[in-house]
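To start, the structure under review is shown below, and the notes come after it.
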Amino acid sequence: MEPSPAAGELGAMLRAAADFASYPGLHSDDTVRQFLERCPLPKLLGALQSEADVPGMVETVTECLDKIFSSRYGASLLPSYGAFIQAGLLTDSKQIRKLACKAVLHLLDKAEDGAAVETVVQHNLFPLMINCLIEGDEEISAIILDTVKRLAQIPKGAEVIFPPDGQGSVQLGKVAAQSSSLPRIRILSLIAKLFTVSSYTASAIRDTNLLSIFEEEIKDTRDMLKTLSALEVLYELVEHPHSNIFLLKTNLLQLIVDIINDSSADSVIRSRAALISGRLLSSADAFTAIDKSCVTNLLVAIDKILKMEESQNTDEIESALETLGLIGTTSQGAHFLLTSSNVARHVVKSSFDRQGRGRQLAALHAFGSICGMDRQEDQMKLDDEAEGNLKRLVYTTAANSPKLTPSAALLSILQQDPDIRIAGYRVISGLVIREWCLREVCLNSEIIRFVTDPTMETTKLGMEARYNCCVAINKALSSSHLLHEASLSGLIGKLNDAVKRGPYLSERKRVEARPVVDTAERF
């Protein structure tokens, strides 16, 4: 136990601590060292353990200590005070527990890795941190999530969480099994954070079956809030590049398909489930790691949502379209959409349809992805079967619309508001690598006027999208036999000039400032 300062000494120390804590920025190591010469660390810690009834004492001292431990010098002292951290994690005082949690984070961030991990092991801090995660308030829980993630980023620290004997992961599983809804969601959040740290932690989570906690939460549809919370955590997890390699080897995708198919499920849950499935299938590896029948079942479920023309829930429709765009980002996904299902027709139809702005915008973004705008240039075009289906889909949809032709339908998109137009530029940029679409665009002088007019857009995003579209058309034309058609000679010059001007230059003449000379009589 640290020595408690005497009353008079305590007052002077608290005043110094308050001044030190009130400094708005981080203290330098020299400043911290000088402060500790006046107010030794053992006495500051002793003040927290004293029974002195001084208003605001705990708040003042904990804020001061946090400032000390935030410095590299202060953090270097923490390995000698592991017992204090341990006691702080066990205390009922929120301020002291919060300080202890932050102290572990400072220890891992700024102290030497070996000493930091040794302190955690020697004082058995990891189980206490998990206890704070599930029992603490939102602020303490957030600190612990960051702290455990930082521990996992240190190789020896990852072994503390996932030891070779598997006891650490067993602890997480047991805590989740014995906890109520909120602590379980916090455990899921921790698993998601750890999953993204490294392939080692991801493999450990898979090998210890911790992903099954997600499955259990998602399967329990009795509690909508509980299911949605689990889906939100899973949505964040699937953003990580290697997540699908592990997640697609579980039953999660099939469970998600079941949710999308469940007409009694809330539309918010169905929408989130759809987007998760899209993210899971948005990498090239996905189609080698999963049974294609599961993807087919997913597309059938999405097709069912998009067939509900009378649906008033536009968010669910837009999420379904965005999901198709995510799947279509890779050449494997785009090929599957165009050859193994008819669901892509909804994307093209909604892109040309002006009945719902949000739906059309979501469809245009998805259409651009399927056309290859998220792929490398040499992977934008698909095989003959997929390309043939894409062409047929565009011409058939246009013929069944009031515009009748693809060029007229594309022009109609450019004639709408700036957001729709920007998405339209992206679609045209992807489509013009196909010669049939390049011809449609080049033979429509109004489309060319839009993409070459430097005054057409007023925002940076709009200018760049217009210019990129102009460049894409010019580049496709330069390698096409259409280049030699006499009827297009004027067009080629116009495109070349527009490309040379760049995205931001305007044709408006600048009015130079000129001095005005006037006669004295005027005044």
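- In terms of heavy atoms, T329 sits closest to L326 at OG1-O, 2.7 Å.
- With contacts defined as side-chain heavy-atom distances shorter than 4.5 Å, the pair L210/F162 qualifies.
- At a cut-off of 3.5 Å, with distance as the only test, a side-chain donor of S293 or D291 sits close to an acceptor on the other residue.
- Residue D384 qualifies as open at atom CG: its count of foreign heavy atoms under 6.0 Å is 12 or below.
- Using a 4.5 Å heavy-atom threshold, the side chains of I290 and L280 count as separate.
- Note that the OG1 atom of T339 and the CG atom of L382 stand 9.0 Å from one another [nearest 0.5 Å].
- Although no hydrogens or angles enter the test, the distance criterion places a donor-acceptor pair under 3.5 Å between the side chain of R375 and the main chain of G328.
- S282 places a side-chain N or O within 3.5 Å of a backbone atom of R279 that can act as its donor or acceptor partner.
- Shown here for A75 and H106, the closest heavy-atom pair between the two residues is CB-O, 3.7 Å.
- Side-chain contact between L364 and I422: absent, with no pair of heavy atoms (C-beta onward) separated by less than 4.5 Å.
- Here the straight-line distance linking atom OG of S212 with atom CG of L252 works out to 9.5 Å at 0.5 Å rounding.
- Applying the side-chain hydrogen bond (donor to acceptor under 3.5 Å, both in side chains) test to K98 and every residue at least two apart in sequence or in another chain returns E139.
- S189 places a side-chain N or O within 3.5 Å of a backbone atom of I185 that can act as its donor or acceptor partner.
- Looking at residues two or more places apart in sequence or on another chain, you find a salt bridge (charged side-chain N to carboxylate O under 4.0 Å, His left out) between D374 and R426.
- Residue pairs satisfying the ring-ring contact (aromatic ring centres under 6.0 Å, His included) criterion with at least one member in residues 272-295, sequence neighbours excluded, are listed as follows: F287-F336.
- Just one of V427, L414, V432, V451 meets the side chain to side chain contact (heavy atoms under 4.5 Å, CB included) condition when paired with C469; it is V451.
- D146 has a carboxylate O that lies under 4.0 Å from a charged side-chain N of K193, or vice versa, which qualifies the two as a salt bridge.
- Without hydrogens or angle criteria, S141 side chain to E138 main chain gives no donor-acceptor distance under 3.5 Å.
- Taking 4.5 Å as the limit, some side-chain heavy atom of R354 sits within range of a side-chain heavy atom of S412.
- From N342, atom CG reaches atom CG of D303 across 7.5 Å, with rounding to the nearest 0.5 Å.
- K226 is linked by a side-chain hydrogen bond (donor to acceptor under 3.5 Å, both in side chains) to D220, counting only residues two or more places apart in sequence or in another chain.
- No donor-acceptor pair closer than 3.5 Å links the side chain of R272 to the backbone N or O of Y235.
- Across M129 and V104, no two heavy atoms sit closer than the pair SD-CG1, 4.0 Å.
- Atom CG of L228 is separated from atom OG of S271 by 10.0 Å, given to the nearest 0.5 angstrom.
- For D207, there are no side-chain hydrogen bond (donor to acceptor under 3.5 Å, both in side chains) partners at least two apart in sequence or on another chain.
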Salt bridge (charged side-chain N to carboxylate O under 4.0 Å, His left out) between R501 and D497, intermediate numbers included: CA-CA 6 Å; R501 275 196 304 267; D497 289 344; 5.6 Å; no
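- Applying the salt bridge (charged side-chain N to carboxylate O under 4.0 Å, His left out) test to D109 and every residue at least two apart in sequence or in another chain returns R150.
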Indicate every side-chain donor-acceptor pair of residues 440-449 with a distance under 3.5 Å to a residue at least two apart or in another chain.
unit_1, atom_1, unit_2, atom_2, d
E440, OE1, S407, N, 3.3
E440, OE1, S407, OG, 3.3
E440, OE2, Y395, OH, 2.8
N444, OD1, E446, N, 3.1
N444, OD1, I447, N, 3.3
E446, OE1, R449, NE, 3.3
E446, OE1, R449, NH2, 3.1
E446, OE2, R449, NE, 3.2

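- A donor-acceptor contact shorter than 3.5 Å links the side chain of S479 to the backbone of A476.
- E387 pairs in a side-chain hydrogen bond (donor to acceptor under 3.5 Å, both in side chains) with only one of the listed residues (R434, K381, R392), which is R434.
- Contact annotation: the side chain of Q415 approaches that of F450 to within less than 4.5 Å [non-hydrogen atoms, C-beta and beyond].
- Residues T323 and S277 are in side-chain contact: their nearest non-hydrogen atoms beyond the backbone lie under 4.5 Å apart.
- Atom CG of residue L133 and atom CD1 of residue I187 lie 5.0 Å apart, to the nearest 0.5 angstrom.
- In this structure, L431 and P406 have side chains that are not in contact, with every pair of non-hydrogen atoms separated by 4.5 Å or more.
- Listed by first and then second residue, the ring-ring contact (aromatic ring centres under 6.0 Å, His included) pairs that reach into residues 348-382 come to none, sequence neighbours excluded.
- Listed for the T196 side chain is no donor-acceptor partner under 3.5 Å among the backbone atoms of H240.
- The ring-ring contact (aromatic ring centres under 6.0 Å, His included) analysis of residues 196-234, with sequence neighbours excluded, yields no pairs.
- Here the closest heavy-atom approach between residue L299 and residue S341 is recorded as CD1-CB, 3.7 Å.
- Contacts of E457 classified as salt bridge (charged side-chain N to carboxylate O under 4.0 Å, His left out), with partners at least two apart in sequence or in another chain: R421.
- When the ring pair (Phe, Tyr, Trp, His ring centres under 6.0 Å) test is applied to H335, no partner is found at least two apart in sequence or on another chain.
- Counting only residues at least two apart or in different chains, ring-ring contact (aromatic ring centres under 6.0 Å, His included) contacts with residues 454-476 are absent.
- In this structure, the side chain of T201 engages the main chain of L194 through a donor-acceptor pair within 3.5 Å.
- Side chain of Q360 to main chain of S351: a donor-acceptor pair is present (N/O by atom type, distance under 3.5 Å, no hydrogens or angles).
- For the residue pair S331/Q379, the side-chain donor-acceptor check at 3.5 Å is not satisfied.
- Between L151 and T147 there is no side-chain heavy-atom pair separated by less than 4.5 Å.
- With 3.5 Å as the limit, one finds a donor-acceptor pair spanning the side chains of D258 and Q254.
- For the atom pair L234 CG and E236 CD, the distance stands at 10.0 Å (nearest 0.5 Å).
- The minimum heavy-atom distance between S71 and H27, with the atom names listed, is CB-O, 4.0 Å.
- Nearest approach of A152 to A158, heavy atoms of both residues: O-CB, 3.5 Å.
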Stepwise side chain to side chain contact (heavy atoms under 4.5 Å, CB included) check, I259 with L255: CA-CA 6 Å; I259 290 174; L255 288 173; 5.6 Å; no
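- Between E464 and K460, at least one side-chain nitrogen of the basic residue sits less than 4.0 Å from a carboxylate oxygen of the acidic one, meeting the salt-bridge criterion.
- No donor-acceptor distance shorter than 3.5 angstrom exists from the side chain of E215 to the backbone of L211, with no hydrogens or angles considered.
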